[in-house]
Number of protein chains: 4
Amino acid sequence: MSTTTEGTKPSRKGPTRSEASKAAILEATRVEMAETGWRGFSVDSVAKRASASKQTIYRWWPSIGAMCVDAALALIPDSPDGGRDPQERITALIVPLEATARTGNGHAVLRVALLAAADDKDAGDLWRAWIGRDIRQPLRMLLAELAGKRVIRRDFDLDEVIELLLGPLWHRLMIMRAPVREGFCAEQAGNCLRVYATF
Amino acid sequence: MSTTTEGTKPSRKGPTRSEASKAAILEATRVEMAETGWRGFSVDSVAKRASASKQTIYRWWPSIGAMCVDAALALIPDSPDGGRDPQERITALIVPLEATARTGNGHAVLRVALLAAADDKDAGDLWRAWIGRDIRQPLRMLLAELAGKRVIRRDFDLDEVIELLLGPLWHRLMIMRAPVREGFCAEQAGNCLRVYATF
Amino acid sequence: MSTTTEGTKPSRKGPTRSEASKAAILEATRVEMAETGWRGFSVDSVAKRASASKQTIYRWWPSIGAMCVDAALALIPDSPDGGRDPQERITALIVPLEATARTGNGHAVLRVALLAAADDKDAGDLWRAWIGRDIRQPLRMLLAELAGKRVIRRDFDLDEVIELLLGPLWHRLMIMRAPVREGFCAEQAGNCLRVYATF
Amino acid sequence: MSTTTEGTKPSRKGPTRSEASKAAILEATRVEMAETGWRGFSVDSVAKRASASKQTIYRWWPSIGAMCVDAALALIPDSPDGGRDPQERITALIVPLEATARTGNGHAVLRVALLAAADDKDAGDLWRAWIGRDIRQPLRMLLAELAGKRVIRRDFDLDEVIELLLGPLWHRLMIMRAPVREGFCAEQAGNCLRVYATF
DNA sequence: CCATAAACGAGACGGTACGTCATGTCTTCAA
DNA sequence: TTGAAGACATGACGTACCGTCTCGTTTATGG
């Protein structure tokens with residue numbers, strides 16, 4: 001799910017990127033994110049913990065925030081298949097986030113990645129690109145189908161739906177710092193269908 | 001709407017807190033928040049811009065984040081009277097946030113205050129206290145009344161309602177960095193009523 | 001003999017320079033000079049050894065080299081009174097350098113200070129200013145007097161005399177890294193008188 | 001006049017040392033020496049400027065300082081024949097240094113090479129070996145002959161003569177950073193004869 | 001009406017981190 | 001095996017901030 005290596009150059013003279021170093025850096029980043037938050041996050045500490053050089057970090061990531069988002073994205077699993085039920089199919093799109101937040105230090109990692117995305121341009125671009133690819137795009141297809149079947153209204157705004165679907169999760173993670181109970185995403189999907197239902 | 005001066009000491013020898021200095025610091029804080037974000041925010045810069053001493057800042061605020069939240073809260077206007085319509089009454093509770101985000105650098109200030117609240121314990125406490133006092137408490141009264149009149153279901157969870165009401169705003173402000181259109185809060189209030197409607 | 005504090009400002013608001021910190025930094029500088037030479041010299045090490053912050057070093061010295069020269073100059077004792085004999089009077093001017101080179105780690109400190117002066121503009125200025133004040137100026141007076149008494153020729157070039165007087169010391173210290181035997185400066189003074197003697 | 005290639009290996013498999021690369025590196029070294037001094041000197045910059053790999057540099061020179069001295073020595077011309085006059089014969093030994101210092105960036109290159117020699121063991125050994133071979137050894141023969149002819153005293157110390165002869169040049173080059181006028185070395189030779197004259 | 005104590009500006013200080021640059025080693029590819 | 005290209009761990013560079021700590025000055029009581 002990591003994004004920075006995609007689009008590898010064909011072949012060059014000289015050494016290639018060390019995958020061991022990359023993995024160590026991302027893992028160290030996650031640990032530091034959970035321990036120190038966003039403002040207290042330090043590249044020096046990550047480098048020391050990963051036995052990596054700062055240069056290596058700055059060589060491969062455009063900013064600290066982008067590295068944090070990258071480290072968080074690498075934690076998010078793939079979406080399960082959704083089945084046939086509309087609510088289940090919507091839930092399937094966002095449940096990987098819930099799963100991440102409910103596993104290990106995922107809650108804190110996700111929170112800090114969101115902070116990074118909101119505070120740093122490169123990180124924000126990375127995060128929005130992920131949302132676009134993994135949530136917005138499939139959701140568009142799904143909602144178009146449901147609207148065609150008259151399950152939901154046709155005059156919805158895709159971005160408003162996303163706000164409604166994801167907003168509550170951000171409130172939990174960032175404002176309340178509260179744990180995310182199982183089924184949280186399913187509830188949000190249900191709320192969405194209720195709001196946009198045709199009746 | 002500022003919170004740190006409340007609870008004035010009885011009487012002491014010597015000069016009292018300089019309101020001019022306080023105002024200059026809060027205003028400088030807002031400017032810096034909008035310019036540098038949260039991770040780049042610096043007390044030194046605020047002190048220099050406000051022609052204040054760092055000691056003065058550290059004397060009156062428990063943490064940098066608390067100062068940022070304080071500076072943002074001072075920007076939020078009071079709620080208007082809500083009228084009789086349920087949707088209008090809910091809207092009235094959250095519309096001050098929308099108004100702040102739509103005025104001057106309020107969008108950025110609010111965003112950084114949220115970052116501070118999510119990243120710093122003192123700031124988070126301050127922000128959650130404000131939500132509790134200015135949103136949660138009046139909303140509880142209002143929803144109880146509406147439930148009594150069978151306008152909404154009785155088995156709602158107050159905090160879920162708040163998530164549904166505020167979450168979309170956080171998504172706009174922090175994730176998308178998109179401007180908040182007029183009427184945004186009214187739409188959220190409508191969505192809430194639709195989700196919790198009895199029918 | 002240190003030069004950077006001379007010309008103290010009359011009085012200012014706020015704290016003043018910490019003399020304890022200054023002394024610790026200069027002493028640490030001398031130790032590091034002797035241990036690591038000039039190219040290997042590190043401000044970080046000095047700061048750590050002196051329990052000082054790098055900012056404090058950069059605040060008070062214009063460059064690393066200037067600090068090194070300053071640290072060396074602080075080691076050079078004052079000139080003794082010269083007596084009546086011409087050779088003794090010349091010797092007295094340069095014997096403090098010999099004494100420094102013959103004491104403790106003075107040999108290495110002096111060598112590194114010379115390297116700094118030759119490699120760094122600020123350090124060179126500082127060093128040449130010291131030579132001008134402590135050697136060139138008194139030597140000019142002395143030679144003028146000796147020329148008046150026909151002890152030496154009148155058509156000498158002051159800077160050539162200085163070259164003749166100090167050059168051999170630099171060769172010892174820098175090129176050969178050889179110890180400086182007692183009486184070395186007296187010999188150089190004798191050579192000078194011989195070169196410029198009237199006969 | 002370069003010293004590191006002397007003693008060529010008998011014969012090996014694979015390509016031999018590239019003289020083009022060596023020349024480019026030494027020339028780039030000279031340019032960098034003149035531009036950045038000794039402490040600011042960087043192998044990376046030399047490699048980039050010479051379009052060479054760092055590995056190639058580290059393969060052929062024992063240390064950075066040695067490379068610098070090597071680059072400077074390559075600039076020093078051979079001694080001219082000295083004629084019959086004692087002063088001219090001494091002058092001939094040291095005039096190549098003067099000539100180097102008076103040509104192109106030779107002044108700076110020589111200065112930095114001396115800094116390297118004084119700061120780095122390998123470089124110092126290289127420099128002292130050159131002095132031994134090109135100055136000390138021929139000077140010993142010459143002085144012995146002059147002493148035999150009673151032109152100079154017999155109780156001189158060879159190394160003191162060298163100090164007297166070269167020291168003033170170091171003072172010029174390193175301490176004063178002053179240009180070396182034509183005839184400078186001849187004057188030093190004259191001074192030496194005067195000091196050690198029999199009369 | 002002082003005197004005393006707190007508030008304030010200014011800013012030095014010991015630290016930690018920043019983002020960049022250099023060192024010396026290593027790896028990959030071409031010749 | 002040489003050499004260009006360059007990634008890598010290490011560590012220093014010079015700057016910026018943090019939070020604490022003097023300094024002198026100003027200002028409001030309380031003796």
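If you measure from atom CH2 of W61(C) to atom P of dT15(F), you get 16 Å, rounded to the nearest angstrom. Rounded to an integer number of Å, the gap from CD of E35(C) to P of dA12(F) is 13 Å. When rounded to the nearest whole Å, the span between CZ of R49(C) and C1' of dG15(E) equals 19 Å. Put simply, CD on E19(A) is 16 Å from C1' on dT28(E), counting in whole angstrom units. In this structure, CG of D122(B) is placed 16 Å from P of dC18(F), rounded to the nearest angstrom. Between the C1' atom of dA16(F) and the CD1 atom of I57(C) lies a distance of 16 Å, rounded to the nearest Å. Rounded to whole angstrom, the span from the CD1 atom of I25(C) across to the C1' atom of dC13(E) amounts to 10 Å. Between K48(B) atom NZ and dC18(F) atom P there is a gap of 12 Å when expressed in whole angstrom units.
Listed in residue order, the members of residues 39-46 of chain A having a heavy atom less than 4.0 Å from DNA chain E are F41(A), S42(A), V43(A), D44(A).
Contacts of R177(D) classified as salt bridge (charged side-chain N to carboxylate O under 4.0 Å, His left out), with partners at least two apart in sequence or in another chain: none. Residues satisfying the salt bridge (charged side-chain N to carboxylate O under 4.0 Å, His left out) criterion with R111(D), sequence neighbours excluded, are absent altogether. Scored by the side-chain contact (heavy atoms from CB on, under 4.5 Å) test, T56(A) finds S21(A), I25(A), S53(A), R59(A), W60(A) as partners (sequence neighbours excluded). Legend: residues meeting salt bridge (charged side-chain N to carboxylate O under 4.0 Å, His left out) with K121(D), ordered by chain and number and at least two apart, are D125(D).
The shortest non-hydrogen separation linking A71(D) to M33(D) is CB-SD, 4.3 Å. Considering all non-hydrogen atoms of both residues, V69(B) and A113(B) come closest at CG2-O, 3.8 Å.
Nearer to the 5' terminus of DNA chain E, by closest-nucleotide assignment, is the contact made by T56(B) (compared with the other of T56(B) and A50(C)). Looking at which nucleotide of DNA chain F each of Y58(C) and P15(B) is closest to, the 5′-most match is held by Y58(C).
Listed nucleotides: dG15(E), dG6(F), dG19(E). Nearest to the side chain of K54(A): dG19(E). Picking from dA7(E), dC13(E), dC8(F) the nucleotide with the shortest atom distance to the side chain of R59(B) gives dA7(E).
With hydrogens and angles left out, the side chain of Q55(B) and the base of dC21(F) share a donor-acceptor pair within 3.5 Å. Interface remark: the S53(C) side chain does form a donor-acceptor pair with the dG14(E) base, using a distance-only criterion of under 3.5 Å.
Residue A52(B) is in sugar-phosphate contact alone, with no base atom involved, counting any heavy-atom pair closer than 4.0 Å across all strands shown. Across all strands shown, I64(C) has heavy atoms under 4.0 Å from sugar-phosphate atoms exclusively, and none from any base.
Within the structure, salt bridge (charged side-chain N to carboxylate O under 4.0 Å, His left out) contacts touching residues 49-58 of chain C (residues at least two apart or in different chains) are E32(C)-R49(C), E35(C)-R49(C), D44(C)-K54(C).
For T16(B), no side-chain nitrogen or oxygen approaches OP1 or OP2 of dA6(E) to under 4.0 Å. Of the side-chain N and O atoms in W60(A), none sit less than 4.0 angstrom from OP1 or OP2 of dA7(F).
Using a 4.5 Å cut-off on side-chain heavy atoms (C-beta onward), R39(D) and D120(C) make no contact.
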